There are 2 protein chains.
Amino acid sequence: MTVSKAGSGGPSVAVTADIVVLTIQSAQLVVMLVQRANPPYQGRWALPGGFVEPDENLEQAALRELVEETGLEGFPGHLEQLRTYGAPNRDPRMRVISIAHLGLLANLGLPRGGSDASAARFRPVAELLAPDGQAAGTPTPARNAPALAFDHGEILADGVERARAKLEYSPLATAFVEEPFTLAELRRVYEAVWGTSVDTADFRRQALSAEGFVTPFPPAAGRGTEGGQPADLYRRGPARLLHPAMLRPAR
Amino acid sequence: MTVSKAGSGGPSVAVTADIVVLTIQSAQLVVMLVQRANPPYQGRWALPGGFVEPDENLEQAALRELVEETGLEGFPGHLEQLRTYGAPNRDPRMRVISIAHLGLLANLGLPRGGSDASAARFRPVAELLAPDGQAAGTPTPARNAPALAFDHGEILADGVERARAKLEYSPLATAFVEEPFTLAELRRVYEAVWGTSVDTADFRRQALSAEGFVTPFPPAAGRGTEGGQPADLYRRGPARLLHPAMLRPAR
DNA sequence: CCAATAGTGTCTGTAAGACAATATGGG
DNA sequence: CCCATATTGTCTTACAGACACTATTGG
């Protein structure tokens with residue numbers, strides 16, 4: 001979130017759109033952050049975001065700020081609204097209402113430095129959140145985990161929990177992989193997001209029994225990985241809900 | 001949502017808090033509505049709501065507007081944020097960002113006319129939404145179903161779907177009943193919100209096996225209803241999540 | 001005794017979880 | 001052949017759903 005001083009005779013309340021962009025790199029769940037160039041929280045990492053313009057809707061604002069701050073164009077992933085944060089003093093300068101969004105993305109193009117932020121990069125979520133999934137808050141930041149600017153630690157925690165929950169009952173895991181993909185790749189998405197291990201046999205059975213989750217990739221060709229048997233290829237299916245659901249362990 | 005003209009040199013964007021208050025009357029899911037006294041949509045029914053004040057958080061704003069417009073004080077129920085609606089032209093007068101909330105309430109005090117609205121009353125949700133759960137939109141309003149003002153039909157549909165979903169995996173159904181309650185009363189909550197019938201034997205088994213959902217009411221006394229066997233009484237349990245979940249039929 | 005409601009018991013199909021066994025590719 | 005990975009098979013336990021049956025009150 002980047003907030004500049006209110007303009008002349010400006011609004012008593014500012015509306016911004018922030019975005020939690022998640023992807024997977026090296027089997028780790030990572031989030032896109034930008035380093036703040038100006039006070040407050042100068043030098044601290046924050047979520048991309050900025051003011052909502054008069055004639056754009058909230059999702060457009062989130063995507064525009066993402067491009068401006070990180071250079072991440074196009075966004076061939078999944079985007080949804082997360083939650084709105086509006087505590088009176090969440091920004092020390094003025095009242096700021098922030099509509100947070102959640103973006104899920106396959107790991108393809110990496111961010112290059114944008115115009116508004118001095119740096120933009122992906123960072124592992126595990127280094128930013130406490131083990132129990134709570135935000136690395138001011139009281140006890142996780143070891144070597146710098147707390148995020150503003151209430152962005154809380155927003156990140158909410159976004160990660162939303163992603164973890166939606167992997168259970170929606171086909172959103174496929175937003176993290178490029179087509180075509182193997183079931184092993186899809187299974188590694190679940191393992192990275194949930195932070196657990198998933199049995200390969202059970203995952204296969206559940207993924208294929210959930211109608212419309214994935215569909216076989218026409219050539220039925222396989223893709224070898226590292227000396228093993230080539231895996232079948234799949235594409236995203238038409239389902240919007242998973243039946244039956246893929247439940248997280250340890251409930 | 002009630003929006004008045006912006007003040008002198010007012011903000012370019014207004015922030016309001018609306019609230020979908022649901023309760024159950026005569027085995028029907030009903031929603032609190034207020035009749036608009038002024039244009040636009042004069043005379044149409046709308047959700048309670050209004051401007052967020054500078055030093056209150058979003059939930060406080062929603063509750064304050066609810067009291068002002070409906071006289072419903074205290075609110076001994078459940079309140080949570082629903083979603084934020086910010087399409088550029090959702091209000092014809094100016095840009096309005098509305099943070100919608102969802103309130104669940106036992107049927108106790110009925111609303112009396114408030115100050116800001118000419119009338120406030122509960123209306124059955126089934127008369128306002130199309131059978132498939134979509135909002136009674138402008139193209140084809142359900143028979144004798146007046147469309148709500150602004151995009152409140154969509155907000156209502158989202159709120160009802162949220163309530164239906166959360167009955168599955170959370171103990172929120174207990175927010176609709178007064179303590180102590182019988183399992184039959186709790187079961188009728190599920191039937192009213194889901195619009196389905198629920199087997200009494202299966203409901204009992206599931207409700208009692210979900211740890212922390214309900215706890216026996218000390219006296220272990222029964223309450224007769226209409227000539228039948230007195231039912232055991234229960235109170236809300238400490239659980240925040242239901243294990244196993246109570247799934248809706250017909251998935 | 002009858003009506004009405006509360007509560008119990010039983011059976012079946014589906015699915016989760018654990019884990020063994022087999023298949024198929026590359027060195 | 002050996003290794004690594006993919007894929008199939010099996011068994012156990014849990015639970016949803018349907019429905020028959022018993023229990024307890026008031027009239």
Side-chain angles (χ1 to χ4, degrees), chain A residues 27 167-169 173 177 180-191 194 196-217 219-234 239 241-251, chain B residues 27 164-165 167-169 173 177 180-191 194 196-217 219-234 239 241-251:
Chain A
L167 286 209
E168 292 192 286
Y169 59 88
V177 294
F181 51 84
T182 69
L183 289 184
E185 290 165 348
L186 194 58
R187 181 175 52 81
R188 281 184 217 108
V189 169
Y190 279 86
E191 292 184 327
W194 285 348
T196 65
S197 65
V198 176
D199 184 275
T200 61
D202 293 333
F203 180 80
R204 160 174 297 273
R205 178 164 39 81
Q206 291 177 29
L208 296 180
S209 74
E211 194 173 357
F213 186 18
V214 296
T215 61
F217 188 65
R223 174 200 299 171
T225 49
E226 299 169 26
Q229 172 180 350
D232 294 342
L233 294 175
Y234 297 89
L241 250 27
L242 258 33
H243 288 320
M246 318 260 310
L247 298 182
R248 279 178 277 188
R251 306 178 51 120
Chain B
R164 286 175 175 160
L167 287 209
E168 293 192 285
Y169 60 87
V177 294
F181 51 84
T182 68
L183 289 186
E185 291 166 347
L186 193 58
R187 181 175 51 80
R188 282 185 214 107
V189 168
Y190 279 86
E191 293 182 329
W194 286 347
T196 66
S197 65
V198 176
D199 185 275
T200 61
D202 294 333
F203 181 80
R204 160 174 295 271
R205 178 163 39 81
Q206 291 178 27
L208 295 180
S209 74
E211 193 173 355
F213 186 17
V214 296
T215 61
F217 188 65
R223 174 199 298 172
T225 48
E226 299 169 26
Q229 173 179 346
D232 294 344
L233 295 175
Y234 297 89
L241 251 26
L242 258 32
H243 289 320
M246 319 257 313
L247 298 182
R248 279 178 276 188
R251 306 177 52 122

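Per chain, numbering begins at 1; letters A, B, ... match sequence-line order. Predicted model only: the values in this text are computed from it and were never measured. Only this structure's heavy atoms are used, side chains among them; waters, hydrogens and symmetry mates stay out.
- In this structure, CZ of A:F203 is placed 19 Å from P of D:dG9, rounded to the nearest angstrom.
- Between C:dC19, D:dT7, C:dA15, one nucleotide has an atom nearer to the side chain of A:A201 than all others, and that is C:dC19.
- Proximity note for A:D202 (side chain, C-beta onward) versus D:dC19, C:dG17, D:dA6: the nearest is C:dG17.
- Atom CZ of B:R187 and atom P of C:dG7 are 11 Å apart (whole Å).
- Note: NE2 (B:H243) to P (C:dA16) measures 15 Å, nearest angstrom.
- The separation between A:L247 atom CG and C:dT14 atom C1' is 14 Å, rounded to whole Å.
- Comparing B:E185 and B:D199 by the nucleotide of DNA chain C that holds the closest heavy atom to each, the one mapping nearer the 5' end is B:E185.
- When heavy atoms are screened at a 4.0 angstrom cut-off, A:T200 is found touching base atoms of the nucleic acid.
- At least one side-chain heavy atom of A:F213 sits less than 4.5 Å from a side-chain heavy atom of A:L186.
- Within the 4.5 Å cutoff, side-chain heavy atoms of B:L233 are placed close to those of B:T182.
- Across every non-hydrogen atom of A:F203 and A:V198, the tightest pair is CB-CG1, 3.8 Å.
- The CD atom of A:E185 sits 12.0 Å away from atom OH of A:Y234, with the distance rounded to the nearest 0.5 Å.
- Separating the CD atom of A:E168 from the C1' atom of C:dA16 is a distance of 13 Å, rounded to the nearest angstrom.
- A close approach under 4.0 Å does not occur between any side-chain nitrogen or oxygen of A:Q206 and OP1 or OP2 of C:dA15.
- Look at CZ on B:R204: it is 20 Å from P on D:dC19, rounded to the nearest Å.
- What separates CD of A:Q229 from P of D:dT7 is a distance of 6 Å, to the nearest Å.
- Side-chain contact check for A:R248 versus A:T196: every heavy-atom pair is 4.5 Å or farther apart.
- In terms of position along DNA chain D, the nucleotide closest to A:R205 lies nearer the 5' end than the nucleotide closest to the other residue of the pair A:R205 and B:M246.
- Rounded to whole Å, atom P of C:dA16 lies 17 Å from atom OH of A:Y169.
- Nearest to the side-chain atoms of B:P230 among the listed nucleotides C:dA6, D:dT25, D:dA6 stands D:dT25.
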